[in-house]
Amino acid sequence: MNQELIKKINKLKKEKNAIILAHCYQNIEIDEVADFVGDSLYLSRMAAQTDAKIIVFAGVYFMAETAKILSPEKKVLLPRPESGCLMADMINLQQLREFKSKNPGVPVVCYVNSTAEVKAESDICCTSANAIDVVKSLNTKNVLFVPDTHLGGYADSKLSDVNVITYPGYCPVHHNIKPEDIQRKKQEYPDAQVLVHPECSKDVIKLADFVGSTTGIIKKCQESKNKTFIIVTEKGVVDRLKRDMPEKTFVLIKENAVCANMKRIHLEDIYAALEQEVYEITVDSQIAKKALTAIEKMIKI
Ligand code: 13P
Ligand code: SF4
C-alpha cells in the first residue's frame, strides 16, 4: 500500500477539516484513510453529526447526495462522480408518479438507493438496516415500496398485517445470486452459516440463517460462535471480514459479486478530491428540502 499517499491524505484532511466516509463495498485500501466505514444508515448518521467542513464520500452518488441533503452547509465531495447505483437508476420521478397514480393515497417508502428527486416525492426513506421498522411505522394497510422489489418483498414477508406493493427495481449484483449458488457453497462448507443481504431475491433469502445490512452481517460474524460463514453480498464485506477476523473462514458467494461502481475509487482519487476539492455534490434547494423530510423521518426511527 502507498504509505506516502496515505500520509499525504491524512495531512490534508487535518488541514482542511475534512472527514472521509467509506461504504464497506469500497476497495479495502480506502479504510486506511477513512474516519468511518459502514453501511448506508451508519454513514448517513455520521454525515448528519459531523462538525467537519468537508465530507469526502467514498461510495456511490446517492450516498454523497444524501450526505449533502443532511448537511447542506458542508462541502460534500464524491471522488469519482460517475459512480452511480444501477438500482437507483431504475426509477425516475415520472416513473414514481405513474406508480403512485396506479395506487392513489398509498404512502411511499423509498429505499435510500434512489435519486434526491425520488426521495423528495416519497413519504419516508429507509435503508436495508431499517426497512421493516420504517414500513411498520406508517401504520397503514398498504405501502408502496421503491425501487427495490426484493427489499420491499422482504419487509412484506416479515409484516403479516401490511401489504407492501413493490416497484420492479433491483440491484443486479444481488439479483444475480441464485439459490443454486448457495446450495453449491453449502455442499462445500456444510457447517457454514449463510448470511444474506436483503437486496437478494426471496428464493435466496429463504436459504439464509441471517438477513441483514452490510454492517448487520459484519456484526453477526463478530458475535457468532460459528467458525465458517458464507457471505451473500458484495465482495468488499468479505475482504473486511477476512482482514479483521483471520481466525474465521469467510466464503464469498460468487466471484462476480462485485459492484463496479463502488470499486471506482482509489487512494489517488481521494487525494485529488481533497486537494482540488472536487467533485462537489449539489442538490436543488426545493428538492433537498422535501427529500430531507423523508430522510429525517427515517433517521428518527
Ligand atoms: P447497506 O444498506 O447494507 O449499506 O447496502 C447498501 C447497498 O448499496 C447495498 O447494495
Ligand atoms: Fe447499487 Fe447494487 Fe452497487 Fe449497492 S451493490 S450500490 S445497490 S448497484
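Side chains included, hydrogens not; waters and symmetry mates left out as well; all remaining heavy atoms used. Both ligands and their constituent atoms are indexed starting at 1 by order of listing.
Neither the backbone nor the side chain of Glu234 has a heavy atom within less than 4.0 Å of ligand 1. Under 4.0 angstrom from ligand 1, the non-hydrogen atoms of Glu199 all belong to its side chain. No part of Glu234 comes within 4.0 Å of ligand 2, judged by heavy-atom distances. Only the side chain of Asn113 comes within contact range of ligand 1, with a heavy atom under 4.0 Å; no backbone atom does.
Side-chain polar atoms of His175 and Ser201 form no donor-acceptor pair below 3.5 angstrom. Defined by atom type and a distance below 3.5 Å, a donor-acceptor pair is missing between the side-chain atoms of Gln187 and Gln183.
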Trace of the side-chain contact (heavy atoms from CB on, under 4.5 Å) decision for Gln222 with Met245: CA-CA 8 Å; Gln222 286 163 342; Met245 286 173 263; 3.6 Å; yes
Criterion side-chain contact (heavy atoms from CB on, under 4.5 Å) on Leu241 and Ile231, from CA distance to verdict: CA-CA 10 Å; Leu241 288 167; Ile231 306 297; 3.7 Å; yes
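Here's the thing with His23: one of its N/O atoms is less than 3.5 angstrom from an N/O atom of ligand 1. Where the criterion is an N or O separation shorter than 3.5 Å, residue side chain and backbone included, His197 meets it with respect to ligand 1.
For atom 3 (Fe) of ligand 2, the nearest non-hydrogen atom of the protein is Cys259 SG, 2.4 Å. Among all protein heavy atoms, the one lying closest to atom 6 (C) of ligand 1 is Ser40 OG, 3.4 Å. Summary of contacts: the protein heavy atom closest to atom 7 (S) of ligand 2 is Asn113 ND2, 3.2 Å.
Shown in contact with Tyr25 at under 4.0 Å from a heavy atom are these atoms of ligand 1, numbered in order with element: 7 (C), 9 (C), 10 (O). Listed by number with element, the atoms of ligand 2 under 4.0 angstrom from any heavy atom of Glu199 are 7 (S). Within the listing of ligand 2, atoms 7 (S) sit less than 4.0 angstrom from a heavy atom of Met87. Listed by atom number, the atoms of ligand 1 under 4.0 Å from Asp39 heavy atoms are 1 (P), 3 (O), 4 (O). Listed by number with element, the atoms of ligand 2 under 4.0 Å from a non-hydrogen atom of Leu86 are 8 (S). Counting the atoms of ligand 1 from 1 in the order shown, those under 4.0 Å from a heavy atom of Thr214 are 1 (P), 3 (O), 4 (O). Of all atoms in ligand 1, listed by their number and element, those nearer than 4.0 Å to a heavy atom of Ser213 are 3 (O).
A perpendicular orientation is assigned to the rings of Tyr42 and Phe36, their planes being inclined by more than 60° (bins at 30° and 60°).
Put simply, NE2 on His150 and NE2 on His197 are 12.5 Å apart, with the number rounded to the nearest 0.5 Å. Taken to the nearest 0.5 Å, the CG atom of Asp161 stands 8.0 Å off from the NZ atom of Lys141.
Side-chain atoms of Lys136 do not come within 3.5 Å of backbone N or O of Ala155 as any donor-acceptor pair. Formation of a donor-acceptor pair under 3.5 Å by the Lys119 side chain with backbone atoms of Ala294 is not found in this model.
Residue side and main chain included, Cys171 places an N/O/S atom under 2.8 Å of atom 2 (Fe) of ligand 2. At a threshold of 2.8 Å, atom 1 (Fe) of ligand 2 has a backbone or side-chain N, O or S atom of Cys85 nearer than that distance.
Between Lys220 and Asp209, none of the side-chain N atoms (NZ, or NE/NH1/NH2) sits under 4.0 Å from a carboxylate O, so this pair counts as no salt bridge.
Within 6.0 Å of NZ on Lys158 lie no more than 12 heavy atoms contributed by other residues, nucleotides or ligands. Counted within 6.0 Å of NZ on Lys290, heavy atoms from surrounding residues, nucleotides or ligands total 12 or fewer; the atom is thus considered open.
Heavy-atom distances between Asn261 and ligand 2 stay at or above 4.0 Å for every pair. Under a 4.0 Å heavy-atom criterion, Met262 is not in contact with ligand 1.
Closest heavy-atom contact between Val162 and Asp156: O-OD1, 3.2 Å.
The nearest non-hydrogen atom to atom 1 (P) of ligand 1, considering only Gly216, Ser128, Gly38, Cys24, comes from Ser128.
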